[in-house]
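Let me begin by presenting the structure, written as structure tokens, before commenting on it.
Below, chains carry the letters A, B, ... as their sequence lines are ordered, and counting in each starts from 1. This structure is a prediction, so every number in the text was calculated from the model and none was measured.
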There are 2 protein chains.
Amino acid sequence: MKSEPHKVFEQLLNSKGLKVTKQRKDILDYLLKARKHVTPEDIYRDLNKKDANIGRATVFRTLHLLENAGFADKIQFADGRLAYEHKFARPHHDHMICVECSGVLEFSNATIEKIQDEISKKFLFKPLWHRHEIFGRCKKCNKMD
Amino acid sequence: MKSEPHKVFEQLLNSKGLKVTKQRKDILDYLLKARKHVTPEDIYRDLNKKDANIGRATVFRTLHLLENAGFADKIQFADGRLAYEHKFARPHHDHMICVECSGVLEFSNATIEKIQDEISKKFLFKPLWHRHEIFGRCKKCNKMD
DNA sequence: ATGATATTGAGAATCAGTCTCAATTATATA
DNA sequence: TATATAATTGAGACTGATTCTCAATATCAT
């Protein structure tokens, strides 16, 4: 049986006249099962380990599709590498990113969000999305100094 | 006569056993005079228009140097392009970035900064720097829709 | 001025991401 | 189910940004 996210994804594809392909399902699956942020290269490598072969281009194309549909979000590590996470049944949150181990902690704060909106309004700026990342050393990496 | 930032920069170089070269001074100068965020390519192009020829590698090397020393900050536009600004006599601030025209507005808010610190403390995360960018449409670009 | 050392620019190399295009696959409809 | 149409695919060429390599050059302490 299909999981809810797969259903929702297929609805999106149908509504746009796009096709439900094995590759698209595999990539969504991979994101759903990942316990952490994954890079496009992770997806490419791991999916090719198994049966299917899947091109790099398809990985990027599908990630953009998911991102634009609001089903995935990306973050960027301190060295510039991009990584993705799915957004199904996950409320909005921002990240603390360890500069040593690239570990990611999540946080969210209603007051910050509210102030952001007020600031935007004051500048007549229409916010579409934001990125709030705190870079530093996580508990573990901080100990080792 | 030398501006204060140049003095401070040369002190840094001396303290690290690095040399004060024409290229490094030119790049700092360029950043100090720029009225907006500039890309490495801007710097490369404009400095080569004049007398000096300066390599791309040197532009990147010097920007990293300035960034690590805390004399420059970078932001990233919606399409991923990087741009730099100097930080001399400029208090900390964050950015609103227009997804249409790449225009940048600055904001800063003490309450947000305070909450960030509290959150970090709660997670035993040692914050080093942060990036808080709101992407959207500026007043001008919003009108045109 | 000299010598030790850091820095430089040119161009090769790398890397992530995009593009092109012929072959393949999904889907609507007969 | 077979067929027609249009979207999708993977391979590999391409791009643009950044880094690397290295011989030539510039800085600086002496």
Side-chain angles (χ1 to χ4, degrees), chain A residues 2 6 9-30 37-69 72 74-84 102, chain B residues 2 6 9-30 37-69 72 74-84 102:
Chain A
K2 265 173 219 166
H6 271 101
F9 185 40
E10 296 189 11
Q11 275 162 21
L12 170 89
L13 293 173
N14 287 329
S15 77
K16 294 200 166 194
L18 302 174
K19 291 172 179 174
V20 177
T21 66
K22 180 169 187 315
Q23 290 87 341
R24 284 174 176 161
K25 287 187 284 186
D26 284 352
I27 291 170
L28 175 56
D29 237 34
Y30 186 94
H37 291 79
V38 295
T39 65
E41 195 59 22
D42 288 335
I43 300 174
Y44 174 77
R45 183 181 5 82
D46 291 348
L47 288 183
N48 278 307
K49 265 183 203 157
K50 313 191 185 257
D51 44 19
N53 68 330
I54 189 167
R56 257 176 257 268
T58 299
V59 173
F60 285 104
R61 285 187 286 233
T62 304
L63 285 172
H64 291 157
L65 187 57
L66 289 165
E67 197 188 350
N68 292 333
K74 62 173 184 288
I75 60 165
Q76 197 165 25
F77 297 120
D79 62 7
R81 282 156 48 232
L82 289 174
Y84 291 80
S102 289
Chain B
K2 265 174 219 168
H6 272 99
F9 184 41
E10 296 188 11
Q11 274 162 20
L12 169 90
L13 292 173
N14 286 329
S15 76
K16 294 199 165 194
L18 302 175
K19 290 172 180 174
V20 177
T21 66
K22 180 169 187 314
Q23 290 87 338
R24 284 174 176 161
K25 287 188 283 185
D26 284 351
I27 291 171
L28 175 56
D29 236 34
Y30 186 94
H37 290 79
V38 295
T39 66
E41 195 59 23
D42 289 335
I43 299 174
Y44 174 77
R45 182 181 5 82
D46 290 349
L47 289 183
N48 278 305
K49 266 183 203 158
K50 313 193 184 254
D51 44 18
N53 69 330
I54 189 167
R56 258 178 258 267
T58 299
V59 172
F60 284 104
R61 285 187 287 232
T62 304
L63 284 172
H64 291 157
L65 186 58
L66 289 165
E67 199 188 349
N68 293 333
K74 63 173 184 289
I75 61 165
Q76 197 164 25
F77 298 119
D79 63 7
R81 281 156 49 233
L82 288 174
Y84 292 79
S102 289

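- Among all heavy-atom pairs drawn from A83(B) and F77(B), the shortest one is CB-CE1, 3.8 Å.
- Residues of residues 59-68 of chain A that place a heavy atom closer than 4.0 Å to DNA chain D, in numerical order, are R61(A).
- When side chains are defined from C-beta on, D26(B) does not count as touching T21(B), because their heavy atoms never get closer than 4.5 Å.
- OP1 and OP2 of dG10(D) both lie 4.0 Å or more from every side-chain N or O belonging to R56(A).
- In this structure, the nucleotide among dT8(D), dT8(C), dG10(D) sitting nearest to the side chain of R24(A) is dT8(D).
- dG17(C) atom C1' lies 14 Å from atom CD of Q76(B), rounded to whole Å.
- Residues L28(A) and H6(A) are in side-chain contact: their nearest non-hydrogen atoms beyond the backbone lie under 4.5 Å apart.
- The separation between K74(B) atom NZ and dT18(D) atom P is 10 Å, rounded to whole Å.
- Of the inter-residue distances, the one linking E67(B) atom CD with Y84(B) atom OH reads 5.0 Å to the nearest 0.5 angstrom.
- The two residues L66(A) and F9(A) come nearest to each other via the heavy atoms CD2-CE1, 3.6 Å.
- Proximity of N48(B) to the phosphate of dG9(C): no side-chain N or O atom is located under 4.0 Å from OP1 or OP2.
- Rounded to 10°, the helix from dA1(C)-dT30(D) to dA30(C)-dT1(D) has 40° between the axis fitted to its first five pairs and the one fitted to its last five.
- As a whole-Å value, the separation of D42(B) CG from dG16(D) P is 16 Å.
- The minimum heavy-atom distance linking P40(B) with L82(B) is given by the pair CD-O, 3.8 Å.
- To the nearest 0.5 Å, the span separating CZ on R56(A) from CD on E41(A) amounts to 4.5 Å.
- We find the CZ-CD1 distance between R24(A) and I54(A) to be 10.5 Å, quoted to the nearest 0.5 Å.
- The OG1 atom of T58(B) sits 10.0 Å away from atom OH of Y44(B), with the distance rounded to the nearest 0.5 Å.
- In this structure, NZ in K22(B) is found 10.5 Å from CD1 in I27(B), a value given to the nearest 0.5 Å.
- In this structure, Y44(B) atom OH and dT19(D) atom C1' are separated by 15 Å, rounded to whole Å.
- Atoms CZ (R45(B)) and P (dA17(D)) sit 11 Å apart, rounded to a whole Å.
- Between the CG atom of L82(B) and the P atom of dG17(C) there is a distance of 13 Å, rounded to whole Å.
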Listing time: all N or O pairs from protein to nucleotides 24-30 of chain C that are below 3.5 Å?
{"from": "dA26(C)", "atom 1": "N3", "to": "K19(A)", "atom 2": "NZ", "distance (Å)": "3.1"}
{"from": "dT27(C)", "atom 1": "OP1", "to": "V20(A)", "atom 2": "N", "distance (Å)": "3.0"}

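- Atom pair N53(A):CG and dG12(D):P shows a separation of 11 Å (rounding to whole Å applied).
- Whole-Å rounding puts the L13(A) CG to dT8(D) C1' distance at 12 Å.
- Note that CD of Q23(B) is 9.5 Å distant from CZ of R61(B), once rounded to the nearest 0.5 Å.
- Among the atoms of the strands shown, only primed sugar atoms or phosphate atoms (P, OP1, OP2) are found under 4.0 Å from some heavy atom of Q23(A).
- Between L18(B) and L65(B), the closest side-chain pair of non-hydrogen atoms falls below 4.5 Å.
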